[in-house]
Asks: 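There's a structure below that I have some questions on.
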Amino acid sequence: MVVLAQRPGYYGRFGGRFVAETLVPALDELSAAFEQIVRGESFQQEWRSLLASYVGRPTPLGQAHHLAREVDPNGAFLSHLWLKREDLCHTGAHKINNALGQVLLARAMGKSRVIAETGAGQHGVATATACALFGLPCEVYMGAEDVARQAPNVGRMHLLGAKVVPVESGSRTLKDAMNEALRDWVTNVRTTYYCIGSAAGPHPYPEIVATLQSVIGEEARAQCLARGGLPDAAIACVGGGSNAIGLFRAFVQDEGVALFGVEAAGEGVATGKHAATLGAGRVGVLHGSKSYLLCDADGQIQEAHSISAGLDYPGVGPEHAWLKETGRALYLSATDDEALQAVRRVTRTEGILPALETAHAFARIEDVARGLAEDLGRPVSILVGVSGRGDKDLATLLRRLS
Amino acid sequence: MTRLARALSRRKALIAYLCVGDPSVEESVALAHACIRAGADVLELGVPFSDPSADGPAIARASQRAIARGGGLDATLRVAEAIRADEPDAGIVLFGYYNPLFVRGERRAVREAAEAGVDALLVVDLPLEESGPLRAAAAEAGMGVVPLLAPTSRDERVVAVRRASAGGGMPFVYYVSLTGVTGSADVDARAAGGRAAALRAELGLPVVVGFGIDSREKALETARAADGVVAGTALVRAIESGADPAARLAAVEKLVRELRAGVDEA
């Protein structure tokens, strides 16, 4: 049985708090506020009430009959395919669960300004949305490359009243946006709340994000039990890993539920142009925590590559590193092309347009089901975390699938 | 007394930061010699890192240029070795981010640094709580690890540094003058110097001040109360604006002399 975080801020040997001294007191303050406020009753009431009335929770658990039969026409290895529909959340992805919670926390801590980093723009939109709801000024750092490929989300953030700051340094993607957000925070630390969207960053961020996203798995687990029993496996895409950890945590103690994360293999892991941090990376320290990352022998961070901006990150949350190391979760990958084919397939069979990030999880369903069915000697049921919808990806999809 | 302690005790110290490899590894050696000629007591040799999230735009740009020109941990150690061969008395501090040291392996990194003539390590994203393994490795090699304190550091963190310093291996403390990144413009030099003096009284260690010290006046204001000042971004900018090696060398030497004059006047 797996034991959660043994020493404060650590998941096994992963996690910690590797930041400039200036930020350490702010992280202490945040840890204390997290324990007192987020775990407190009044916060939970307000947050849960907003999740119901504003986000649209609980999100449905649906069964993908047609997709299941297309993957396995005779029901030889896949009996049930369950979809946890985070794509139906307000703003189109699971990111709002965390953003609402953290912006509520920022308000309770008396912070007058919120900053965030974003890759695909979903966390930026979610944070801008929560800030609009509570009347807080919001600035979102976004790699210039991502600003270009996720234009609809940039427009949405502007409409929501947020300032979007394109980041031109480095690879001009999510990691550089995070560097820039850290620079802002170290400068304005006394007044500003930094709302991190991934299950990454220095302690206590991975724990805050995982706690707030755990609503996904808690709901899904109860919904599965109400519909006949736990699945044989849960599968989710992994960039930084927030939706995956949100889904996994509820099932970690259920030994009969295998956990699979799917990273972005980009143009193929062998080409070097990928974001398969857990699959092909090494242990190191980036953005405040010790985890797997993509870096060279000199310790320089390498650029990640993925068609999906939300997975295009050379790091991964420390809890995933630990789930990998303990063997509790297995991490696979899917290429850009496989993700694109999965988008087409899911959309045509189920009438659901998944985000490109989410499509990576769909791309591995067949392999996971086949392997597991072979091990168990019977067809298996699989739960997929549908982390977001693909409207934001239309330009990419139309270009690549035409 | 260690070499670094001697370098810091002769007079109010001037510490010069260079991003090694910007504009080239070879030129970094010449620029480092120029710094010492012009009055720097200690060199901070910056190991360029791909994701320098505690640095402002000038050092971030320099880091990118340096990495593109072959900069990194190995190159920085080669530069340290070259400087040490000619400068037996200068203090040399390896300055950078944690990942390059962690990936190399802390014990190996410390050993290689010691062999190259480095006196101490300063790791900007390694707060005291996380620095146990590195400090242990450094202690074995007789090398120092420099802790940082910032305007946001409350009493308990100062106490933690004092406790950790009891075991030795802390040649000085680096006080970050402001809440911000390197090269920020709005430093209150006099206040930062005053805070450094208070910290020295409490810690019994030399306290130097860095971030935003870019002129003779600011060096003077800071050094009135502090044990020394660090200039980094100003030097990086001088290098950035020099058209050729001779111009860069002249610009760096001129700036270091000005800063030296400010520190000496304090």
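Within every chain, numbering begins at 1; the chains are lettered A, B, ... in the order of the sequence lines, protein sequences first and strands thereafter.
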Asks: Which answer fits B:L101, side chain, backbone, both or neither, if we ask what part of it has an atom under 4.5 Å from a heavy atom of chain A?
Replies: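 When you check distances to chain A, no heavy atom of B:L101 falls under 4.5 Å.
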Asks: What part of B:V124 gets closer than 4.5 Å to chain A, counting heavy atoms only: side chain, backbone, both or neither?
Replies: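 Only the backbone of B:V124 comes within 4.5 Å of chain A.
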Asks: Going from OG1 on B:T222 to CZ on B:R195, what distance comes out if it is rounded to the nearest 0.5 angstrom?
Replies: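 The OG1 atom of B:T222 sits 15.0 Å away from the CZ atom of B:R195.
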Asks: Can you tell which of A:Q302, A:R282, A:R190 has the highest number of heavy-atom pairs within less than 4.5 Å of chain B?
Replies: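 The answer is A:R190.
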Asks: Is A:R17 close to chain B through its backbone or its side chain, or both, or neither, when contacts mean heavy atoms under 4.5 Å?
Replies: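 Both backbone and side chain.
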Asks: I'd like to know if B:E81 and B:R78 make a salt bridge, using a cut-off of under 4.0 Å between side-chain N and carboxylate O.
Replies: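 Here B:E81 does not pair with B:R78 in a salt bridge, since their nearest N and O are not under 4.0 Å apart.
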Asks: Please determine, among B:D74, B:D55, B:V47, B:V176, the option with the most heavy-atom pairs under 4.5 Å with chain A.
Replies: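 Winner by heavy-atom pair count: B:D55.
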Asks: May I ask you to decide whether B:R154 forms a salt bridge with A:E29, counting only side-chain N to carboxylate O separations under 4.0 Å?
Replies: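 Looking at A:E29 together with B:R154, the answer is no, because their closest N to O distance does not fall below 4.0 Å.
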Asks: B:E156 versus chain A, heavy atoms under 4.5 Å apart: side chain, backbone, both or neither?
Replies: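 For B:E156, no heavy atom lies under 4.5 Å from chain A.
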Asks: For chain B, which of A:L286, A:V283, A:V189 has the most heavy-atom pairs under 4.5 Å?
Replies: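 Looking at each option in turn, the highest pair count goes to A:V283.
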Asks: For B:L73, is it the side chain, the backbone, both or neither that has a heavy atom under 4.5 Å from a heavy atom of chain A?
Replies: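 Looking at B:L73, backbone and side chain both touch chain A.
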Asks: Cation over ring, A:K324 on A:Y292, under 6.0 Å and within 45°?
Replies: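 Yes, a cation-pi geometry.
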Asks: Counting only heavy atoms closer than 4.5 Å, note whether B:P151 contacts chain A via side chain, backbone, both or neither.
Replies: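 Its backbone and side chain both get close to chain A.
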Asks: Chain A: which of B:P100, B:S131, B:A60, B:A54 shares the most heavy-atom pairs with it under 4.5 Å?
Replies: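 Greatest number of close heavy-atom pairs with chain A: B:P100.
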Asks: Hey, are B:E130 and A:K290 close enough for a salt bridge, meaning a charged N less than 4.0 Å from a carboxylate O?
Replies: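 Salt bridge: no.
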Asks: Side chain, backbone, both or neither: which part of B:P52 has an atom under 4.5 Å from a heavy atom of chain A?
Replies: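 Both parts, backbone and side chain.
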Asks: Output, in order, the C-alpha distance, side-chain angles, deciding distance and verdict of side chain to side chain contact (heavy atoms under 4.5 Å, CB included) for A:H274 and A:E263.
Replies: CA-CA 9 Å; A:H274 63 84; A:E263 297 187 298; over 6 Å; no
Asks: Could you tell me which of B:V123, B:I67, B:L178, B:L128 has the largest number of non-hydrogen atom pairs under 4.5 Å with chain A?
Replies: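 Heavy-atom pair counts peak at B:I67.
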Asks: Pick one of side chain, backbone, both or neither for B:F49, based on which atoms fall under 4.5 Å of a heavy atom in chain A.
Replies: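 Both parts, backbone and side chain.
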Asks: Look at B:R104 together with B:E112 and state whether they make a salt bridge at an N to O cut-off of under 4.0 Å.
Replies: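 Result for this pair is yes, salt bridge flagged.
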Asks: Does one side chain, of A:Y193 or A:Q102, offer a donor that lies under 3.5 Å from an acceptor on the other?
Replies: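 Indeed, the side chains of A:Y193 and A:Q102 share at least one donor-acceptor pair under 3.5 Å.
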Asks: Does the distance from a Lys or Arg side-chain N to an Asp or Glu carboxylate O, for B:R162 and B:D155, drop under 4.0 Å?
Replies: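 No salt bridge links B:R162 with B:D155.
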Asks: Is A:N188 close to chain B through its backbone or its side chain, or both, or neither, when contacts mean heavy atoms under 4.5 Å?
Replies: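 Neither the backbone nor the side chain of A:N188 comes within 4.5 Å of chain B.
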Asks: Measure distances from A:A26 to the heavy atoms of chain B and classify the residue's part below 4.5 Å as side chain, backbone, both or neither.
Replies: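 Looking at A:A26, nothing touches chain B.
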Asks: Between chain B and each of A:E180, A:K175, A:H287, count heavy-atom pairs under 4.5 Å; write down the option with the most.
Replies: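 Heavy-atom pair counts peak at A:K175.
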Asks: Any donor-acceptor pair under 3.5 Å linking the side-chain atoms of A:Y11 with those of A:E325?
Replies: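 Judged by distance alone, the side chains do not pair up.
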